[in-house]
Number of protein chains: 2
Amino acid sequence: MSAIGNLRAVSEAYPCDENGLRALFLRQPSEIAEAGAALFFEGDPACHVFHLVSGNVRICRFLADGHRFIIGFLRAGDLIGLSFRSRYMFGAEAIDRVAFRRMSKRMFEEELQLAPEHRSQMLSHLRDEITASQDHMLLLSQKNAEERVCTFLLDRLDSDDTPGLVSLPMIRSDIADYLGMTIETVSRTLTKLVLKGIILPAARHQFKVVSRSSLARHANEANEYDDHQGEALRVLQ
Amino acid sequence: MSAIGNLRAVSEAYPCDENGLRALFLRQPSEIAEAGAALFFEGDPACHVFHLVSGNVRICRFLADGHRFIIGFLRAGDLIGLSFRSRYMFGAEAIDRVAFRRMSKRMFEEELQLAPEHRSQMLSHLRDEITASQDHMLLLSQKNAEERVCTFLLDRLDSDDTPGLVSLPMIRSDIADYLGMTIETVSRTLTKLVLKGIILPAARHQFKVVSRSSLARHANEANEYDDHQGEALRVLQ
DNA sequence: CGCCTATTTGACGTGACTCAACTCCCGTGG
DNA sequence: CCACGGGAGTTGAGTCACGTCAAATAGGCG
């Protein structure tokens with residue numbers, strides 16, 4: 001699960017739930033950002049909400065000493081900008097060629113007024129983002145290198161289109177800054193997982209997962225609890 | 001800033017903003033939890049929203065291997081339970097003697113229906129929580145022991161009643177599990193800060209901050225951007 | 001006073017970081 | 001078609017910050 005929250009994953013689980021928010025963007029023109037370009041910078045006035053049509057985006061923040069931290073990765077279907085106040089608290093950069101649509105916050109707000117049920121989707125989205133952040137904090141504070149990489153692969157595997165294949169369009173330093181490691185340790189850990197027979201290199205930015213269960217065992221995940229939409233869930237929405 | 005989001009801090013900045021949500025609890029009876037008692041456990045059905053009247057609470061999650069992670073600390077004025085779906089994603093435990101009020105989610109929802117402006121306060125609260133989580137991820141992934149402890153002291157200093165004094169009602173292992181360190185490293189780092197003349201031991205669970213600026217320098221904080229309530233902020237609320 | 005827990009301090013081990021060399025891949029241009 | 005260049009990735013050797021284990025000390029409370 002991305003630390004930014006992955007709307008697509010949510011909408012797969014509850015098909016009729018989140019499409020509404022994304023449908024708002026269909027009337028907006030599609031724009032292109034080339035690999036490496038920034039959609040916006042950390043600290044910019046937060047004027048727009050974005051909807052990714054295709055490609056991959058990284059979300060990053062910087063420490064005073066220049067160290068970079070990657071909060072998460074976004075892909076087709078994801079939204080950016082729901083959780084801001086007046087300024088973006090992080091930058092968004094295209095990993096590869098990205099197509100996206102954008103809407104001014106003001107227009108977005110007007111759309112919400114017209115269809116108030118979207119507000120509960122906002123809440124739901126923000127809650128997902130909080131849960132994802134907490135999962136990631138747990139990874140960063142308690143997991144070792146192998147557990148981190150396994151967790152990362154597992155998340156990507158679950159949200160990927162092709163079963164058994166994990167694609168990593170970002171470069172190693174993106175993964176490293178996301179998992180709180182160095183590129184060398186990421187590389188060594190991936191090699192170790194290949195030697196253990198848990199994954200296989202498939203293409204330049206792709207691995208085949210030989211054994212999902214081994215991966216899960218090595219990920220040392222927290223206990224999961226059912227949190228599906230049910231009686232209790234309608235409350236607060 | 002607590003990873004759970006600190007409503008009190010917010011309401012100090014925007015006095016008329018968040019009181020509304022908390023006022024809802026005034027008609028509920030006050031309950032007591034003794035030190036060490038759990039308000040609820042990770043995985044419990046999320047039936048109630050809580051409002052802390054006095055005392056301190058820790059919010060924790062567990063990994064499959066039994067390791068504990070503390071997501072944050074809460075104190076008088078804070079709310080718990082706004083960000084849940086059907087189950088609590090973490091447990092809440094009293095650090096000391098805690099007084100609190102609770103309200104069923106259903107009743108809370110009815111109150112929200114009566115006063116829809118509370119929904120924007122919910123959104124605002126969730127956004128604070130996301131920002132705080134991201135700050136904490138940054139700490140966990142990029143900061144060394146000294147920077148972590150300084151950041152922690154600084155957060156506590158800013159939200160504390162008595163200027164220049166930091167109170168740490170929780171035990172060292174709580175701090176350690178919050179900052180992703182061991183109790184020994186926490187202890188050694190505090191000692192080092194005392195030797196450097198940045199803080200002074202005041203009482204058993206209290207330090208005097210000699211130099212706030214040294215503390216800030218050693219915390220290596222990320223750049224901060226104004227994000228105060230302004231024109232752009234009314235959007236989405 | 002005596003017990004128990006929290007905390008500090010010390011000695012030592014180690015997993016991940018740093019620095020450095022090397023390889024791989026892919027695009028470019030001769 | 002191959003030579004070349006440069007960014008990305010891998011691998012190795014050595015170091016260090018923090019973890020682990022163990023012992024000493026300090027408080028709190030009956």
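Quick note on labels: first sequence line is chain A, next is B, and so on, each numbered from 1.
Judged by atom type and distance alone, B:Glu146 does not reach the base of D:dC18 through any side-chain donor-acceptor pair under 3.5 Å. Evaluation of atom-type donor-acceptor distances gives a pair under 3.5 Å for the side chain of A:Glu184 against the base of C:dC19. Not a single donor-acceptor contact under 3.5 angstrom links the side-chain atoms of A:Arg188 to the base of C:dG15.
The aromatic rings of A:Phe152 and A:Phe73 sit tilted, their planes meeting at an angle between 30° and 60°.
Atoms CD (A:Gln206) and P (C:dC25) sit 15 Å apart, rounded to a whole Å. To the nearest angstrom, C1' of D:dG7 lies 18 Å from CE of A:Met170.
Side-chain nitrogen and oxygen atoms of A:Thr185 include at least one within less than 4.0 Å of the OP1 or OP2 phosphate oxygen of C:dC17. For C:dT9, one of the phosphate oxygens OP1 or OP2 lies less than 4.0 angstrom from a side-chain nitrogen or oxygen of B:Thr191. For B:Thr182 and D:dG19, the shortest distance from a side-chain N or O to OP1 or OP2 is below 4.0 Å.
Between C:dT9, C:dA6, D:dG19, one nucleotide has an atom nearer to the side chain of B:Met181 than all others, and that is D:dG19. When each of C:dT7, D:dT11, D:dC18 is scored by its nearest atom to the side-chain atoms of B:Arg172, the top-ranked nucleotide is C:dT7.
Here B:Glu146 pairs with B:Lys192 in a salt bridge; the nearest charged N to carboxylate O distance falls below 4.0 Å. Using a 4.0 Å cut-off between charged nitrogen and carboxylate oxygen, A:Arg58 and A:Asp96 do not count as a salt-bridge pair.
Evaluation of the salt bridge (charged side-chain N to carboxylate O under 4.0 Å, His left out) test over residues 32-41 of chain B, restricted to residues two or more places apart or in two chains, returns B:Glu34-B:Arg97.
Comparing A:Arg204 and A:His67 by the nucleotide of DNA chain C that holds the closest heavy atom to each, the one mapping nearer the 5' end is A:His67.
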